[in-house]
Amino acid sequence: MDIARTPSTPDGNIEMADAAVEPKAPPEIRREDYTPFAWLVPATRLDFALGLEKTRVTATLEVERNPAADVSPTIRLNGDGLELVSLKCDGGDCAGHMMDGDDLVVTLEGDSHTLEIVTELHPSANSQLMGLYASGGMLCTQCEAEGFRRITFFPDRPDVLSTYTVTMRAPKKDFPVLLSNGNRVRMDDDGELLTAEWHDPWPKPSYLFALVAGDLVARTDHFTTMSGREVELNVWVRDGDLERTEHAMESLKRSMKWDEETFGREYDLDLFNIVAVSDFNMGAMENKGLNVFNTKYVLADPETATDGDYDGIEGVIGHEYFHNWSGNRITCRDWFQLSLKEGFTVLRDQLFSQDMSSAPVKRIEDVRVLRGAQFPEDSGPLAHPIRPDSYREISNFYTATVYNKGAEVIRMMKTLAGDEAFRQGTDTYFDRHDGEAATCEDFVRSIEDGAGLDLTQFRLWYSQAGTPKVSVNLTHHGDEAILELSQNVPDTPGQSGKKPMPIPLKIALFDRDKGTHAGEQLIVLDKASDTFRFPGFATKPVLSINRGFSAPVSIQRDIPGDELVFLAATDDDPFARYEAMQDLMVAYLVSASKGDLDEETRAAKQADIVRAIGRVIDDEAIEDLMRGELMSMPSQTYIMEQIDEADPARIFERREELKAVIGRELADGLRQLYQRSEKLPYSRSAEAKGARKLKTLVLSYLVASDPQGASALAAKQYENANNMTDRQGALMVLTGVDGAERTEALLDFYNRYRGNPLVIDKWFSLQAMSLHPEVIEHVKALAEHEDFTLKNPNRVRSLYMAFAANPHGFHTESGEGYRMIADLILELDPINAQTAARFVPALGRWRKMEPGRSALMREQLERIAAAPKLSRDTFEQVTRSLG
Ligand code: PHE
Ligand code: ZN
């Protein structure tokens, strides 16, 4: 659909005729149009008469003219589907007011006024989970990015900071706990009605407002900050979940300590509350002093949570806590600056998790996420810079690009500056902008000034989308190694002819015979192409490049297989070693699935891989967690990304075949590894985690070569498991194989964990992710299961996100997988637009696929686009995806 034609251009009949058949494109918001708001709102009072069916909100706003902005005769208060009950200006009638779409525009004559606005809400009917909504009998809010406008009329933009005083009145028997931001200043209990008043002394934007009312219990603890402030910590959950909050609380205390030590950041209130809710669109939310979390990122015990779940909780608890400085004390001027808080905070949580466990393994995991989620985004129709230039619906820009590439960009600044200078840069940022709504430019300038760097050219990382491709060529002449590098930043929608960017590359040159190098070096490629010379090499060295993944680029080089085998066995940089193993397998799988290799070459390349993995199995110097990374096969999705016009069925075949070869050739070594790992008792130590990772990895290789034997072993692991990592791992392997073991284990798992929604989510996911030939039929049946509902985002994602990420099911040749996801989007869109829109990118990959599937995917996108009524969220994603 031609969206350029549909916005409100004043050309009469044609436009109106068009509007009747085509949905009207929501307006495009542009970064360059930013202007400061004409009014300040120094103080906001909110009074809530709470009820699940009906809540009445009285908002009192102190407003005054903003001396830094142009004078305006009106104030625009954003609304979204609000019912205005009454409006007063300075206690009486207003000089004038009108509705403009969903917004309320009030005429204000003087310089300062008090506005009183009454609205009425229906939380139980709010299925979008934005604004005030009900979840399992409790009430909670979600205001980022533009949810506050679903509660009351307000300048709902992040550069309007206000202090909030909140009164909540609610029937005590349903809502014995009433929470909001800041500190509780009053609590009255007349036996039936509870009245609580909260005050947050820190001025904040409306997106950080939160309240929670419900029947909750808390795990309480304390933290003493570096300057001696006593902080009360609470993790609020529903009765019965309390025992599963210990890890969250410990993670919180570790985060608080780490931020003091690493960034010099101290907490600034006497109270820090976390509330777990089971209906939540995202992972968690950093509301000032009152973080609201998806239960998935709070609740854990060994019986129900995997090692991955534990790590996720630690990371997200850290992430939201770190936002208190990078996001709350310093917030964003406008939503184009989202990466200012998100990119930086992701980097902070990654560094925290690195310090809490095995740093190299965490780095590998983070790179895997980047490549799995962000690289495809950057090479597809939804590509955008980490600081976007325009949007129609900001919810669509909470992306891997803004978050994860944003973190990589700041990590590069740290690499360029060095740790100490980088810290001076962040200190400068926090000092200079505390209390402000800042921009990415403010951040970069602070790092420049504090760290003493020139980031003029580096700023291109903020404005240019697309993953740079770096071509590498190493030659040898006389006693010199000569490294020729060139870069190319691919065209992306709306951007072409890009400029070279500074790319920091950590490298080492290995002596092939000794297996050592003379030290890691940092080189910066800042031109389209450049040559670096390294004297002192009698023979040609082996190049290790982009060590530690020092830059978020894609390295292109023709490296001989024997050099990859060498690096996989000898590189002292764990990431580079992992990379060599991956390259070895990716190179083979790409050419094998394209059909480029004859039988003999295929066998020889398989043998190389088998030998390399064999060496990893035998190497006693490696820790098991790392061993697991080195032995892991690249994902189908990642391989698909490396091929134009990819055919998922062939990739699947070749990949399964390689697994079987490895399982067969290395059966003895794998079984020994399994037996050794089996001996370790359950604990959360790195050693025990490593052992658990290896057990399931071994099963997944063995099952490819010997389905019967491996199923028996998996069934045994399933039965004997005393923790969820082992049980889920075994079940994952079993779901791919037909047989009694599969049926029994699935039934047992369901019955065992019936009452636990987070574990039942796993039950849905495992089946949707499985390699079983009838996965599509399974997903269809699960959608009809009595426990399936479109109302709960975790449940929707557990079935359909897992399915959309499973190429084996989603890319079924008939196109049925695409149709299922399109059906889901259409059905979910009116219920929860934000969640629905998140399924569109899977279909948006059509350009990368072989022609048959490509056409089928496009057809489904067109079908969605033709729907009579679409949310802004889905409309934007679908039109961008069609390109
Ligand atoms: N700001 C949240 C985070 O990254 C994410 C979020 C966005 C949550 C929008 C809810 C809604 O920590
Ligand atoms: Zn965040």
Side-chain angles (χ1 to χ4, degrees), residues 80 126 128-133 135 140-151 156-158 181 204-212 248 251-252 255 259 274-298 312-332 335 337-353 366 369 373-374 386 388 391 393-407 410 440 443 793-794 797 832-838 872-873:
D80 179 1
N126 181 354
Q128 302 285 346
L129 314 185
M130 288 294 284
L132 179 72
Y133 66 92
S135 174
C140 67
T141 55
Q142 173 52 46
C143 293
E144 188 179 6
E146 298 181 334
F148 193 72
R149 62 185 65 184
R150 293 165 61 86
I151 295 174
D156 192 15
R157 40 185 287 167
N181 315 90
K204 64 170 174 286
S206 50
Y207 82 84
L208 290 173
F209 163 78
L211 76 73
V212 169
S251 300
L252 174 59
S255 308
D259 211 15
I274 288 176
V275 182
V277 305
S278 40
D279 301 280
F280 202 73
N281 282 342
M282 307 276 273
M285 179 62 210
E286 70 263 23
N287 316 300
K288 185 80 186 188
L290 178 56
N291 286 189
V292 175
F293 271 64
N294 190 320
T295 43
K296 181 174 162 57
Y297 292 108
V298 175
I313 291 170
E314 181 179 74
V316 177
I317 295 262
H319 181 97
E320 305 312 327
Y321 174 72
F322 302 143
H323 267 316
N324 190 56
W325 274 94
S326 48
N328 301 359
R329 285 287 284 261
I330 306 180
T331 190
C332 299
W335 291 120
Q337 319 297 328
L338 186 56
S339 203
L340 174 72
K341 76 175 176 81
E342 295 304 347
F344 188 27
T345 304
V346 169
L347 175 66
R348 277 151 58 69
D349 84 55
Q350 291 180 347
L351 296 173
F352 166 63
S353 296
D366 289 337
V369 170
Q374 199 277 326
I386 64 168
Y391 63 79
E393 169 50 62
I394 187 57
S395 298
N396 289 330
F397 286 80
Y398 287 76
T399 58
T401 297
V402 167
Y403 274 63
N404 303 66
K405 186 176 181 179
I410 301 175
C440 295
F443 183 84
N794 284 1
R797 285 187 286 253
N832 185 329
Q834 228 180 79
T835 305
R838 290 191 168 261
R872 243 193 306 168
D873 310 56

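When a ligand or atom number is given, it counts from 1 through the structure's own listing order. What's counted below: heavy atoms across the whole structure, side chains too, no hydrogens, waters or symmetry copies.
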Can you confirm, on distance only, whether ligand 1 has an N/O atom lying under 3.5 Å from any N/O atom belonging to Q142? no
For the pair E320 and Y297, evaluate side-chain hydrogen bond (donor to acceptor under 3.5 Å, both in side chains) and give the outcome as yes or no after the intermediate values. CA-CA 11 Å; E320 305 312 327; Y297 292 108; over 6 Å; no
R838 versus N832: any side-chain heavy-atom pair under 4.5 Å? no
Heavy-atom side-chain contact between E146 and W335 under 4.5 Å: yes
Give yes or no for whether the N/O distance cutoff of 3.5 Å, strictly under, is met between E286 and ligand 1. yes
Pull out every atom of ligand 1 sitting under 4.0 Å from any heavy atom of H323, numbered as shown with elements. 3 (C), 4 (O), 12 (O)
Within 45° cone and under 6.0 Å: R348 NZ/CZ vs F344 ring: yes
If we set the cut-off at 4.0 Å for heavy atoms, which region of K341 has an atom near ligand 1: side chain, backbone, both, or neither? side chain
Any N/O/S of E320 under 2.8 Å from the Zn ion (ligand 2)? no
Of the protein's non-hydrogen atoms, which lies at the shortest distance from atom 4 (O) of ligand 1, and what is that distance? Y403 OH, 2.6 Å
If you define the side chain from C-beta out and look only at heavy atoms, does anything of H323 sit under 4.5 Å from K341? yes
Give me the nearest non-hydrogen protein atom to atom 6 (C) of ligand 1 as residue plus atom name, then the distance to 0.1 Å. M282 CE, 3.6 Å
Can you find a heavy atom in the side chain of N324 that is under 4.5 Å from one in the side chain of K288? yes
How long is the span from the CG atom in N281 to the CD atom in E144, to the nearest 0.5 Å? 11.5 Å
Pick from E342, K405, Q374: which one makes a side-chain contact (heavy atoms from CB on, under 4.5 Å) with I386? K405
Kindly give the atom name of the N, O or S atom of E342 closest to the Zn ion (ligand 2). OE1
If you scan protein heavy atoms around atom 8 (C) of ligand 1, the nearest is A284 O, 3.3 Å
closest protein heavy atom to atom 1 (N) of ligand 1 is E144 OE1, 2.5 Å
Element-labelled atoms of ligand 1 that are located less than 4.0 Å from some non-hydrogen atom of E320: 3 (C), 12 (O)
Provide the number and element of each atom of ligand 1 under 4.0 Å from a heavy atom of Y398. 7 (C)
